[in-house]
Amino acid sequence: MPELPEVETVCRGIAPHVDGQEIQKLIVRNSRLRWPVKRSIAKQLAGLTIENVTRRGKYLLLNTSCGSIVIHLGMSGKISIVPMDTPIRKHDHIDLIFTTKICLRFNDPRRFGAFLWIEADPLQHPLLSNLGPEPLSASFSGKYLFEQAKTCKRAIKSFIMDGKIVVGVGNIYATESLFAAGIHPNRSCNRVTLAECNELVKEIKRILRKAIKVGGTTLKDFLSSEGKPGYFSQKLKVYGRAGEPCLQCKSALVSMQVGQRTTVLCEQCQR
DNA sequence: TTAATCACCTGAGGGC
DNA sequence: TGCCCTCAGGTGATTA
C-alpha cells in the first residue's frame with residue numbers, strides 16, 4: 001500500500017524514463033478509478049511533452065507546459081515503465097505511450113487510485129490546495145504540530161494521518177512513529193506535550209527517510225516502477241506484529257482500532 | 001466547525 | 001478443491 005516513501009520511490013524511478021518524453025497517445029482500458037477517467041483527455045495529451053515529474057504528498061505530478069497529469073496510487077496502484085508492446089495483464093487500466101514507444105502503465109486492482117488531467121497549476125486544484133506541509137520539510141516541526149494539536153481532541157494517530165495537518169503519513173508510518181516516540185495512538189491531541197511533539201516529528205522524519213532509502217515498504221501490493229519490492233517491512237517494529245513480543249520490553253504487542261484503522265502498539269512503552 | 005463514519009474495491013487468507 | 005466470509009486500507013463525501 002503506497003505511502004509517501006513508496007510514492008517517492010516511484011517518482012524517482014520513473015523520472016529518468018519520462019522526463020522530456022513526448023506523449024503519443026493515452027489508452028484508457030478501464031475508466032472506473034476513484035474518479036472516472038475522461039477518455040476525452042487523450043486528444044489533449046497527444047503531442048505534449050513531460051517536462052518533469054514531481055510529488056506532492058502521495059500525488060505524482062507529470063508536468064507539461066500546459067497542465068499536469070496527476071496520479072494517485074490509492075491502495076494498490078502500481079506504475080511500470082515498459083515497452084509499448086508488453087502484454088496486458090489483469091488490471092492494467094491505463095497506458096501513457098510516448099513517441100519513443102516507451103509506455104507508462106498504470107495497474108490498480110482495487111481501483112482506489114486516480115488518474116487526472118489538470119489544465120492549470122495542480123497545486124491550486126482543490127485536491128492539493130488544502131494539503132498540509134511535506135513531512136520532510138522544515139515547516140513540519142514539533143512546534144507546528146503542537147500548535148495544530150493543542151486545541152484538538154482527536155486521537156493523535158488520526159491527527160497525524162490527516163493530510164490537512166501533514167501529508168504522506170499513512171497507517172504504517174503513523175503506527176511506527178508513535179511507537180518510536182512512546183505515545184499511545186489513542187491519546188487526545190491536546191494531551192500531547194511540546195516535547196512529545198518534537199520527539200514525534202523527529203521520529204516521523206527519521207522513519208520516512210529510512211524507508212525512502214530502502215525503497216519503501218512492501219506488504220501485499222507495493223512494487224516500485226521497476227518491479228522491485230521495498231525492504232522497509234523488514235524493519236517494522238510494531239506494524240503487523242500484534243501478539244508478538246515488543247522489541248523493547250518483551251511484553252505482547254496488542255492490536256486496536258483507532259479511527260477505523262488497525263493499530264498495533266505496546267501498552268507498556270506507549271502512554 | 002469538528003469529528004466520526006461510510007463507501008469505493010479486490011486479493012489474500014482462513015474456515016468449512 | 002472450492003466456496004464463502006472477513007479483513008485490509010487512502011481519502012473524499014456524508015452524517016452527526
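The sequence lines fix the lettering, A, B, ..., with proteins before strands; numbering per chain opens at 1.
Distances shorter than 4.0 Å separate some side-chain N or O of A/His91 from OP1 or OP2 on B/dG11. Regarding contacts with the backbone of B/dT10, every side-chain N or O of A/Lys90 stays at 4.0 angstrom or more from both OP1 and OP2. Between C/dG10 and A/Arg110, no contact under 4.0 Å exists linking OP1 or OP2 to a side-chain N or O. Contact annotation: A/Ser76 side-chain N/O to C/dG9 OP1/OP2 distance is not under 4.0 Å.
Between A/Asp108 and A/Arg111 there is no salt bridge, since no side-chain N of the basic residue sits under 4.0 Å from a carboxylate O of the acidic one.
Atom pair A/Phe159:CZ and B/dT2:P shows a separation of 11 Å (rounding to whole Å applied). The interatomic distance linking A/Ile71 (CD1) with C/dG10 (C1') rounds to 17 Å, in whole Å. Following rounding to the nearest Å, A/Asn30 (CG) and B/dC8 (C1') show an atom-to-atom distance of 13 Å. Taking atom CG of A/Asp108 as the reference point, atom C1' of C/dG10 lies 11 Å away to the nearest angstrom. Rounded to whole Å, atom C1' of B/dT10 lies 14 Å from atom CG of A/Leu33. One can place CZ of A/Arg89 at 13 Å from P of B/dG11, the figure rounded to the nearest angstrom. Rounded to an integer number of Å, the gap from A/Ile172 CD1 to C/dG10 C1' is 12 Å. Rounded to an integer number of Å, the gap from A/Tyr239 OH to C/dA8 P is 8 Å.
Legend: residues meeting side-chain contact (heavy atoms from CB on, under 4.5 Å) with A/Ser137, ordered by chain and number and at least two apart, are A/Pro133, A/Glu134, A/Ser139, A/Phe140. A/Asp121 is linked by a side chain to side chain donor-acceptor pair (under 3.5 Å) to nothing, counting only residues two or more places apart in sequence or in another chain. Every residue two or more places apart in sequence or in another chain was checked for a salt bridge (charged side-chain N to carboxylate O under 4.0 Å, His left out) with A/Arg209, and none qualifies.
Sorted by first then second residue, the side chain to side chain donor-acceptor pair (under 3.5 Å) pairs that include residues 24-34 of chain A, not counting sequence neighbours, are A/Arg29-A/Asp95.
Separation of atoms CG (A/Leu48) and CD1 (A/Ile23) is listed at 5.5 Å; rounding is to 0.5 Å. Here A/Cys103 contributes atom SG and A/His17 contributes atom NE2; the two are 12.5 Å apart, rounded to the nearest 0.5 Å. To the nearest 0.5 Å, atom NE2 of residue A/His184 and atom CZ of residue A/Arg271 are 9.0 Å apart.
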Working for side-chain contact (heavy atoms from CB on, under 4.5 Å), residues A/Gln270 and A/Leu178: CA-CA 8 Å; A/Gln270 292 174 262; A/Leu178 286 163; 3.9 Å; yes
Expected string for nucleotides 11-16 of chain C under the B/S/- scheme (protein heavy atoms, under 4.0 Å, primed atoms plus P, OP1, OP2 as sugar-phosphate) is BS----
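Counting any heavy atom pair closer than 4.0 Å across all strands shown, A/Thr262 reaches sugar-phosphate atoms only and no base atom.
End-to-end axis angle for the helix from B/dT2-C/dA16 to B/dC16-C/dG2, using five pairs per end and rounding to 10°, comes out at 50°.
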